[in-house]
Amino acid sequence: KQEVTQIPAALSVPEGENLVLNCSFTDSAIYNLQWFRQDPGKGLTSLLLIQSSQREQTSGRLNASLDKSSGRSTLYIAASQPGDSATYLCAVRDNNAGNMLTFGGGTRLMVKP
Amino acid sequence: KAGVTQTPRYLIKTRGQQVTLSCSPISGHRSVSWYQQTPGQGLQFLFEYFSETQRNKGNFPGRFSGRQFSNSRSEMNVSTLELGDSALYLCASSLNGGLGEKLFFGSGTQLSVL
């Protein structure tokens, strides 16, 4: 059974810092991995989707990498801003699990002005 | 293009009652999935519907059920509510439910069971 873990569970940084969020998964037979952002009491906003054949994806100040063989992904946020404060979730889609995503527990990020 | 719409935004029910939640996917999207989010268990998959058929189901009791209509709108129903059903229920849609597609989530329905 796929398990997804995110470390750290919470992170507080001063504005302007570059930071890395980690995601690990136990079964490397994944089709893709998606990073989401969630603001308190709200739904999920998709940030980046990495297919299993890709190594990384970039969008603005965000860069996500994937190392399928070692079961890891990282989300790099450059020059963090207070508006980046949110919970970041990674989710994997397994090869044989249809459209079901398995989520990690999330990293709660606070960027202080 | 409108996003995924979930109604109602908030619900308060008492134990033993039943509840129906609604989800309208992005126009043109035919796959709808439902997830439950709680502080203790995080996000867990409930089920997925495509072309009015349940295509995949998570590990939840039979009190949780759903359906999809011909216009791709979906409802989920929880019968005999328990305190532990209090959660944020999120709906997600994608074009055809293909493995390579992004999922787009709604803002959720916050259910409180008293």
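Naming convention: chains lettered A, B, ... in sequence-line order (proteins, then strands); numbering from 1 in each chain.
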At a heavy-atom separation under 4.5 Å, does [X] approach chain A through its side chain, its backbone, both, or neither?
{"X": "B:Leu46", "answer": "neither"}
{"X": "B:Leu90", "answer": "side chain"}
{"X": "B:Tyr35", "answer": "side chain"}
{"X": "B:Gln110", "answer": "neither"}
{"X": "B:Gln37", "answer": "side chain"}

Are [X] and [Y] in one and the same hydrophobic cluster, where Ile, Leu, Val, Met, Phe, Trp and Tyr link if side-chain heavy atoms are under 4.5 Å apart?
{"X": "B:Val32", "Y": "B:Phe64", "value": "yes"}
{"X": "B:Leu103", "Y": "B:Leu88", "value": "yes"}
{"X": "A:Leu33", "Y": "A:Tyr31", "value": "no"}
{"X": "A:Leu44", "Y": "A:Ile50", "value": "no"}
{"X": "A:Tyr88", "Y": "A:Tyr76", "value": "no"}

Taking it one step at a time, do A:Lys1 and B:Asn59 satisfy side chain to side chain contact (heavy atoms under 4.5 Å, CB included)?
CA-CA 12 Å; A:Lys1 181 191 164 193; B:Asn59 190 26; over 6 Å; no
Would you compute the distance between atom [atom1] of [X] and atom [atom2] of [Y] and round it to the nearest 0.5 angstrom?
{"X": "B:Leu99", "Y": "A:Ile30", "atom1": "CG", "atom2": "CD1", "result": "11.5 Å"}
{"X": "A:Arg93", "Y": "B:Lys102", "atom1": "CZ", "atom2": "NZ", "result": "11.5 Å"}
{"X": "B:Phe105", "Y": "A:Leu89", "atom1": "CZ", "atom2": "CG", "result": "9.0 Å"}
{"X": "B:Gln41", "Y": "A:Phe103", "atom1": "CD", "atom2": "CZ", "result": "15.0 Å"}
{"X": "B:Phe104", "Y": "A:Thr45", "atom1": "CZ", "atom2": "OG1", "result": "10.5 Å"}

**Message:** Between A:Gln51 (side chain only) and B:Gly100 (backbone N and O only), is there a donor and an acceptor less than 3.5 Å apart?
**Reply:**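 At least one qualifying donor-acceptor pair exists.
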Exercise for the section: Flag the one option from B:Gly108, B:Gly97, B:Gly42 with the top tally of heavy-atom pairs under 4.5 Å to chain A. Expected result: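 Top count of heavy-atom pairs under 4.5 Å with chain A: B:Gly97.
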Legend entry - Pick from B:Ser107, B:Gly98, B:Cys91, B:Ser94 with the largest number of heavy-atom pairs that fall under 4.5 Å of chain A: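 Ranked by contacts with chain A, first place is B:Ser107.
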Item checked: B:Asn56 versus A:Met100, closest heavy-atom pair with distance ->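 Closest approach of B:Asn56 to A:Met100, heavy atoms only: ND2-CB, 3.9 Å.
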Should we say atom [atom1] of [X] is surrounded by more than 12 heavy atoms from elsewhere, each under 6.0 Å from it?
{"X": "A:Arg61", "atom1": "CZ", "result": "yes"}
{"X": "A:Arg72", "atom1": "CZ", "result": "no"}
{"X": "B:Arg73", "atom1": "CZ", "result": "yes"}
{"X": "A:Lys42", "atom1": "NZ", "result": "no"}

side-chain hydrogen bond (donor to acceptor under 3.5 Å, both in side chains) partners of B:Ser86, counting only residues at least two apart |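 Checked B:Ser86 against side-chain hydrogen bond (donor to acceptor under 3.5 Å, both in side chains); zero matches.
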